[in-house]
Amino acid sequence: MSSGDTMTFARFMELCLYDPEEGYYRRGARVFGPRGDFYTSPYTHPLFAQVLGDALAGYLSGLDADRPLDLIELGSGEGILGKGVLGRLENQHPGIFARVRYRGVEFGDAGLPERIHGVVFSNELFDALPVHRVRVSQSGLKEIFVRLGEPIAEVEGELSDPRIPEYMRLGFPRWREGCVYEANLRMVEILEDLDRRFQRGFVLTLDYGFEAAEYEAMDRREGTLLCYHRHRVHSDPYVNLGRQDLTSHVNFRVFRKTAARLGWTNEPLRSQRRFLMKWGLADRLLEEENRGILRAERVEDRLGIKALLAPGGISDTLKAQVQAVRLPTAGGSFGAGRI
Ligand SMILES: C[S@@+](CC[C@H](N)C(=O)[O-])C[C@H]1O[C@@H](n2cnc3c(N)ncnc32)[C@H](O)[C@@H]1O
């Protein structure tokens with residue numbers, strides 16, 4: 001790359017996050033937790049992985065009893081969530097645990113099996129994918145490109161990919177002139193790739209994201225792109241190159257419509273908080289308190305729990321989407337039971 005080179009924002013974001021040597025997620029530097037740049041839910045409190053483990057057991061128990069079960073985590077990061085989930089399955093759902101083949105898949109791994117019978121889950125994968133940025137102008141849709149140099153500059157031009165107009169129509173039924181929107185084509189590619197591999201099962205996705213109405217109410221004219229550096233949030237992707245996280249909200253309308261096009265069945269989109277409550281977070285909390293495990297006086301414990309439970313906290317902005325792939329549905333539910 002040299003000064004004057006021009007590229008799509010998606011390519012720029014991919015280099016910043018996933019360049020094998022200099023990319024934020026691939027340099028081997030600490031990313032998560034107090035000494036990193038941000039927290040994800042598994043780092044807030046162990047209860048998160050435990051409740052997710054119960055939910056996954058519920059969905060896995062609805063699948064063919066006589067076959068091994070794939071449990072695939074996309075974007076497994078440091079592996080803390082997978083470890084917590086497997087621990088919960090082993091302790092509380094040993095029958096399921098004995099049949100499960102877990103795989104954590106990271107960027108660049110060729111780790112996805114050819115055939116999937118089971119559950120594919122992810123936490124904050126899709127918001128970490130490279131996105132194209134599109135401005136709605138008087139003369140139509142214009143893509144934002146990045147020109148390297150001192151300083152790095154944005155230039156607008158014609159759309160770089162024929163799939164972008166369709167993505168925009170699908171994702172933003174009432175877009176606003178002058179505003180910037182993200183097109184996450186990689187997200188669509190991942191769902192299509194999963195579809196080719198799935199025999200039967202579920203996709204469980206936890207991520208920051210919006211539905212159409214939230215994009216319409218949004219007051220950010222420059223879109224949902226955010227940068228995280230040492231627990232500070234800002235919106236300048238052209239500083240701290242390879243040293244800060246870049247994310248954009250998942251467009252759950254596109255996510256759900258793509259799934260429907262593939263013949264999958266969408267459960268209602270929920271906030272992560274409601275999803276965790278549905279799968280027993282409140283009961284688990286009480287249990288821990290009664291057993292004296294939850295040290296309520298400890299600040300970290302209280303803050304962690306608050307992050308998972310507080311209305312208006314991260315657990316409300318985060319969403320949970322479950323999709324059934326090649327499964328008969330019974331009265332709108334997939335037969336996944338609380339077990
Ligand atoms: C925000 S982190 C979340 C990590 C972890 N799930 C958690 O909750 O802490 C996003 C992760 O997705 C990974 N990732 C990005 N693109 C990927 C891809 N195409 N396939 C698998 N993992 C990917 C990144 O390397 C990174 O570890």
Side-chain angles (χ1 to χ4, degrees), residues 10-53 55-56 71-86 102-113 116 119-131 182 184-194 196-197 203-209 224-229 231 233 242-250 255 272 275-276 304 307-308 314-315 317-321:
R11 177 67 183 142
F12 171 78
M13 187 166 167
E14 181 168 40
L15 288 172
C16 289
L17 296 182
Y18 303 113
D19 178 83
E21 271 141 40
E22 290 297 318
Y24 178 70
Y25 281 108
R26 305 190 73 189
R27 289 188 309 120
R30 184 154 282 282
V31 165
F32 310 100
R35 273 174 286 159
D37 295 303
F38 61 96
Y39 288 92
T40 56
S41 303
Y43 293 82
T44 57
H45 200 279
L47 274 182
F48 175 75
Q50 293 172 18
V51 175
L52 189 63
L56 289 168
L71 181 59
I72 296 168
E73 182 182 5
L74 291 181
S76 46
E78 293 178 339
I80 176 173
L81 180 57
K83 203 166 155 207
V85 160
L86 286 175
Y102 169 85
R103 276 190 212 201
V105 179
E106 253 302 313
F107 182 88
D109 287 357
L112 274 182
I116 301 173
V119 179
V120 174
F121 73 103
S122 65
N123 184 60
E124 289 197 44
L125 160 74
F126 292 97
D127 76 346
L129 299 176
V131 290
E182 296 89 19
N184 191 339
L185 301 179
R186 189 69 60 82
M187 169 180 93
V188 175
E189 287 166 5
I190 289 180
L191 297 180
E192 288 170 345
D193 181 47
L194 288 178
R196 279 189 288 275
R197 297 166 189 271
V203 178
L204 194 168
T205 304
L206 301 168
D207 225 317
Y208 285 99
T224 68
L225 188 84
L226 288 175
C227 315
Y228 289 83
H229 186 60
H231 297 277
V233 189
R243 303 289 185 274
Q244 65 180 7
D245 191 29
L246 306 178
T247 78
S248 82
H249 280 24
V250 172
F255 200 82
Q272 176 176 287
F275 179 80
L276 294 176
L308 294 180
I314 61 162
S315 219
T317 320
L318 283 158
K319 306 254 166 47
Q321 177 67 62

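Small disclaimer: the values here were computed from a predicted structure and weren't measured. Every number for a ligand or one of its atoms is a count from 1 in the order of the listing.
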Could you tell me whether His231 and Tyr39 have their ring centroids closer than 6.0 angstrom? yes
Considering the options Thr205, Val203, Leu81, which one meets the side-chain contact (heavy atoms from CB on, under 4.5 Å) requirement together with Phe121? Leu81
Lys83/Glu78 salt bridge by N-O under 4.0 Å criterion: no
Contact summary for Leu246 and Cys227, nearest pair of heavy atoms: CD2-SG, 3.7 Å
Pro42: numbered ligand 1 atoms lying under 4.0 Å from its heavy atoms: 8 (O)
Under 3.5 Å, N or O to N or O, is Asn123 touching ligand 1 that way? yes
Parallel, tilted or perpendicular: ring planes of Tyr25 versus Phe32, cut at 30 and 60 degrees: tilted
When distances are taken from atom 4 (C) of ligand 1, the protein heavy atom at minimum range is Gly75 O, 3.5 Å
For atom 10 (C) of ligand 1, which protein heavy atom lies nearest, and how many Å away is it? Glu124 O, 3.3 Å
Minimum heavy-atom separation for Arg103 to Leu112, with atom names? NH1-C, 4.1 Å
Among all protein heavy atoms, pick the one closest to atom 15 (C) of ligand 1 and tell me residue, atom and distance. Tyr18 OH, 3.0 Å
Protein contact of atom 22 (N) of ligand 1 - nearest heavy atom, named by residue and atom, plus distance: Phe107 N, 3.1 Å
Could you tell me which atoms of ligand 1, counted from 1 in the order shown, lie closer than 4.0 angstrom to a heavy atom of Leu129? 16 (N)
Contact partition for Asp127 relative to ligand 1, non-hydrogen atoms under 4.0 Å: neither
Looking only at distances, can you tell me whether any N or O atom of Thr40, backbone or side chain, sits closer than 3.5 Å to an N or O atom of ligand 1? yes
Distance to 0.1 Å, residue and atom name: give those for the protein heavy atom nearest to atom 23 (C) of ligand 1. Leu125 CD1, 3.3 Å
Indicate, as side chain, backbone, both or neither, the part of Ser122 found under 4.0 angstrom from ligand 1 when only non-hydrogen atoms are considered. neither
Do you know the tightest heavy-atom contact between Ala10 and Pro130? O-CB, 3.2 Å
Asp19 and Tyr24: side chain donor to acceptor below 3.5 Å: no
Using a 4.0 Å cutoff against the non-hydrogen atoms of Tyr43, which atoms of ligand 1 qualify? 9 (O)
What is the nearest protein non-hydrogen atom to atom 25 (O) of ligand 1, stated with its residue, atom name and distance? Glu106 OE1, 2.6 Å
Under 3.5 Å, is there a donor-acceptor pair between the side chain of Gln321 and the main chain of Leu206? no
Closest non-hydrogen atom pair between Met187 and Asn184, with its separation: N-OD1, 3.0 Å
Distance filter under 4.0 Å to Gly77 heavy atoms, resulting ligand 1 atoms: 27 (O)
Proximal ligand 1 atoms for Val105, defined as those under 4.0 Å from one of its heavy atoms: 21 (C), 22 (N)
